[in-house]
Amino acid sequence: MEDRTDALQGLPVQVRQVRRALTQEFASLLDLTDVSAVPQRQQESIFLTRALAAKAVQLVAGCTTVEAANAVTDGIDDNGIDAVLVSSETAEIWLVQARWSDTGRARFDSAGILRLLNGLRRLVNLRYDRFNSKFDPLVDQLDVALKAPNCRIHLVLAAIGDAGMSAESQDLLSEAASDFNQVQEVLDFRFVGAADFHSAARRGALPEPVSVTATLSDGWHMNPTPYQTYLGTVGADELANWYEENGRRLFDQNVRYPLGLTTANRGVIESLLNNPHEFWYFNNGVTVLCDSVRAAYFARRAVGQPVRLELVNARVVNGAQSVASVHHAYGLDPDAVMEARVSLRVICLDGAPADLAQRITQATNTQNHVEPRDFAALDPQQALIRQDFALSLGKTYVLKRGELEPAPAAGCTVAEAAFALACAYPDAAMVARLGQDSNALWSQGPRGIYAQLFRSPPTALQIWRSVGLMRGVRDALATLTAGLQGRDQVVADRADLLITHIAFQLTGNEGIDEPGDEWDARQQATLKRTEALLFALIEQLNAQYGQYALLPRILRDEERCRRLASSVLESLKHGADRGLPHPGQSTRRRRPNAVPLLVEHGRIEDGTQLVYRPNNAPEREALHEWLSESPERYLASWVNDHRKPLVWAVDEQRYSPTGLVFRIWEEARWAEHPAAVAGTRSWYVPGEGTLADLASELLADEDASE
């Protein structure tokens, strides 16, 4: 997209400057293929609206230009949302609506605001099927952010105009914020106007390279070949000064900017403030790339002697979180930070291949790390439990990540055991704490969850039965979820820990570690009531907190989880499940399974080719190499059969969509695959959509006809 000279004539100066800046920054990044058939002038207007939305994302969230361009969702079925950016780490979601005007007088009316708020509610209730395909890559990130205890949603109204919003639009946004913020602060909104965009255009016209100085004391090392590299330590206060003077510009070439006060970054700050002398031992250090190095020695000019290095056009490519955390700690206690030192690696790119910087950045940000769970494998109690599993049950108990996980009937992992025991704990606050941070499961302190669960080692039989009940509840919920819509589906999907906890309380723990059939019989009776339990929880959630309260907030609050568990148990005690809706009742319409629906309507012709498309990044990474070895592994053909409609190109055998996904995972030897999958979302009819998409279209047609 290029700006025509005639298109700029007669425009206000600020509008022209913003327009040129947006065109220069986003012309090669924004997709306009969906509007290629419209007249050129209309294409220009659409491009500018999308570029404005992308720039707004960049201004409010501090992301890169490419990330901002990828956030654009403008188009048919965007539900009033022109751009979406999600930070899974900080649990923030930015939703942007943009208005471009060549006259510089754009503003927001109530109709546009209502569309945006309707889109917001659909996102919160996971109605992704109501949005265009540009939202598909965002689904996994949205799920992660909406599950987080500190989830925040920012509505951003971006316009080339400074009039802002009408009073009616302001009222609509304020009312929505009140609805969403009844339980906790979740939703806010802001206006970004022409002055903000003009200021950004002026800043963008004056790029400045970042140069920093690093003081290396005795004992540093310099390697001149193949690329000049310096290894040593610097005072932590110098890193704080880098960030103070240059901010996020230090990290323009890093894979991510500082993530704020995440759990890991809080740990860095606490370590620095509490044990500055030992900080070097616990921190991985910082890697800096630069175009050239100028050395100023304090005394003798020799490698290893004290020197101050000026790093020209410096960029931190690994250690962004450390630098930002050090800066934060410096603001709290400068004296402590000045006592700490940090490992520093400087790589000078003078004479290096053009792609070296990119390769270094990728490599330094994809290394393995130790997770809190890994330390449980060192606990002697776990070794005793593993022995008990083998001797008492003849089953496998896996402790370490990387070990091959057993088949469901052959055993379980320590992670499964810990989650099951946490759900069985009599206080619902335990599952709320897990919702706040799943790593809390492995906290070892006196009040830590791990200590409470394993201080007195449970028997292998107790663990195995607990895991069995947890698996049974999750399987039942997975079946129910496929037949639900909207908020009911959200509760079934997101409240599994609380529902499992309530199921344990219904069953009781009497006799759980004693051989015999009595406890198993009680477990089966509980599993048959899973649907009633789910609907009872939905009723209590709506009654106590309303239909717009953000579910993750509630599920991470200890007192609210206690109250909900108590209320549901009380309602079930009095037979409330007899009055709750069941499949076929008009009060709750259940979604038909996708395959029978497609077969019944003859939606797909026999012999149609389908393509396997992994749903998320871990699945893609785990299977990419295996799938790429043979193209047939991606392919299946359709036959109109209610049970097994897919014929895999590899073995010509018939499978259900979910069954074939599991077969692929098994053949690829993906040991860490999830326990459940929505197979109809994994098989794609080229040019039309997934099996789930096609079934949703049929349902929508039925709804319209009704």
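- No side-chain donor-acceptor contact under 3.5 Å links Y330 and D335.
- The residues D188 and R152 are annotated as salt-bridged, a charged nitrogen and a carboxylate oxygen being separated by less than 4.0 angstrom.
- Taking 4.5 Å as the limit, some side-chain heavy atom of L272 sits within range of a side-chain heavy atom of V337.
- Within 6.0 Å of the CG atom in N284, the count of heavy atoms belonging to other residues, nucleotides or ligands does not exceed 12.
- The backbone N or O of R556 lies less than 3.5 Å from a partner atom in the side chain of Q436, making a donor-acceptor pair.
- E67 and T64 are linked by a side-chain donor-acceptor pair at a separation below 3.5 angstrom, with hydrogens and angles left out of the test.
- Between V342 and N283, the closest side-chain pair of non-hydrogen atoms falls below 4.5 Å.
- Contact check for D102 versus I160: no side-chain heavy atoms found under the 4.5 Å cut-off.
- For the atom pair S325 OG and L239 CG, the distance stands at 11.0 Å (nearest 0.5 Å).
- By the 6.0 Å contact criterion, CE on M222 is enclosed, its count of non-hydrogen atoms from other residues, nucleotides or ligands being greater than 12.
- To the nearest 0.5 Å, atom CG of residue L332 and atom CD1 of residue I269 are 7.0 Å apart.
- The backbone N or O of G232 sits nowhere less than 3.5 Å from a side-chain atom of S343 that would complete a donor-acceptor pair.
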**Message:** Show, in sequence, the C-alpha distance, side-chain angles and deciding distance for E619 and R613, and conclude whether the salt bridge (charged side-chain N to carboxylate O under 4.0 Å, His left out) test is met.
**Reply:** CA-CA 10 Å; E619 187 178 355; R613 191 167 66 177; over 6 Å; no
**Request:** Mind running side chain to side chain contact (heavy atoms under 4.5 Å, CB included) on F180 and V124 for me, showing each step along the way?
**Result:** CA-CA 10 Å; F180 276 84; V124 169; 3.8 Å; yes
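- Under the 4.0 Å criterion applied to side-chain N and carboxylate O atoms, R50 and D34 are assigned as salt-bridge partners.
- Taking every heavy atom of both residues into account, A91 and A145 meet most closely at CB-O, 4.0 Å.
- Between the side chains of W280 and T233, no donor-acceptor pair of N or O atoms lies under 3.5 Å.
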**side chain to side chain contact (heavy atoms under 4.5 Å, CB included) between F108 and L116, intermediate numbers included** = CA-CA 11 Å; F108 293 91; L116 173 63; over 6 Å; no
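- In this structure, R308 places its CZ atom where only 12 or fewer heavy-atom neighbours from other residues, nucleotides or ligands lie under 6.0 Å away.
- Proximity of K55 to E25: side-chain heavy atoms (C-beta onward) are separated by under 4.5 Å at one or more points.
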**Item:** Stepwise side chain to side chain contact (heavy atoms under 4.5 Å, CB included) test for V60 and R190
**Value:** CA-CA 10 Å; V60 299; R190 63 177 293 186; 3.5 Å; yes
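- Distance CG/L623 to OH/Y634: 8.5 Å, rounded to 0.5 Å.
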**Message:** Determine whether V192 and L157 satisfy the following criterion, side chain to side chain contact (heavy atoms under 4.5 Å, CB included), listing intermediate values before the conclusion.
**Reply:** CA-CA 6 Å; V192 183; L157 293 308; over 6 Å; no
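- The distance from atom CD1 of I153 to atom CD1 of I93, rounded to the nearest 0.5 Å, is 5.0 Å.
- Between E278 and R341, no side-chain nitrogen of the basic residue sits less than 4.0 Å from a carboxylate oxygen of the acidic one, so the salt-bridge criterion is not met.
- At least one donor-acceptor pair closer than 3.5 Å links the side chain of N246 to the backbone N or O of W242.
- Listed here is the closest heavy atom pair of A56 and V156: CB-CG1, 4.4 Å.
- Each of T215, L344, V212 was scored for a side chain to side chain contact (heavy atoms under 4.5 Å, CB included) with E238, with one residue passing: T215.
- Side-chain contact between V86 and W94 is absent, with no heavy atoms from C-beta onward closer than 4.5 Å.
- Residues L216 and V234 have side chains in contact (heavy-atom distance under 4.5 Å, counting atoms from C-beta outward).
- Remark: side-chain polar atoms of R553 are paired, donor with acceptor, to backbone N or O of C151 under 3.5 angstrom.
- Ring-plane geometry between Y230 and W220 is classed as tilted, the angle between the planes lying from 30 to 60 degrees on a 0 to 90 degree scale.
- Put simply, the side chain of T229 gets close to the backbone of Y227: a donor and an acceptor are under 3.5 Å apart.
- Here the side chain of N274 pairs no donor or acceptor atom with the backbone of S271 at under 3.5 angstrom.
- Residues S292 and D350 fail the side-chain proximity criterion, which asks for heavy atoms closer than 4.5 Å.
- Here the shortest heavy-atom pairing between F191 and G161 reads CZ-O, 3.3 Å.
- To the nearest 0.5 Å, the span separating CZ on R41 from CD1 on I46 amounts to 13.5 Å.
- Salt bridge annotation for D74-K134: absent, with no cationic side-chain nitrogen under 4.0 angstrom from a carboxylate oxygen.
- Here the closest non-hydrogen pair linking I81 and G119 is CD1-C, 3.9 Å.
- In E629, the CD atom is crowded: over 12 heavy atoms of neighbouring residues, nucleotides or ligands sit closer than 6.0 Å.
- The closest donor-acceptor contact from the side chain of D82 to the backbone of A98 lies under 3.5 Å.
- Closest approach of F197 and A158 over heavy atoms only: CZ-CB, 3.7 Å.
- For D291, the side chain to side chain contact (heavy atoms under 4.5 Å, CB included) partners are N313, R315, not counting sequence neighbours.
- Inter-residue side-chain proximity for V84 and V96 is flagged as unmet; no heavy-atom pair is nearer than 4.5 Å.
- A donor-acceptor contact shorter than 3.5 Å is absent between the side chain of Q228 and the backbone of I347.
- Taken from CZ in R20 to CG in L22, the straight-line distance is 12.5 Å, to the nearest 0.5 Å.
- Residues satisfying the side chain to side chain contact (heavy atoms under 4.5 Å, CB included) test with A299, not counting sequence neighbours, are none.
- Nearest heavy atoms, G319 versus V286: O-CG2, 4.2 Å.
- Under the 3.5 Å distance criterion, the side-chain polar atoms of N132 are matched with a main-chain donor or acceptor of T73.
- If you check the side chains of S211 and E310, you find no donor sitting under 3.5 Å from an acceptor.
- Remark: side-chain polar atoms of S199 are not paired, donor with acceptor, to backbone N or O of A195 under 3.5 angstrom.
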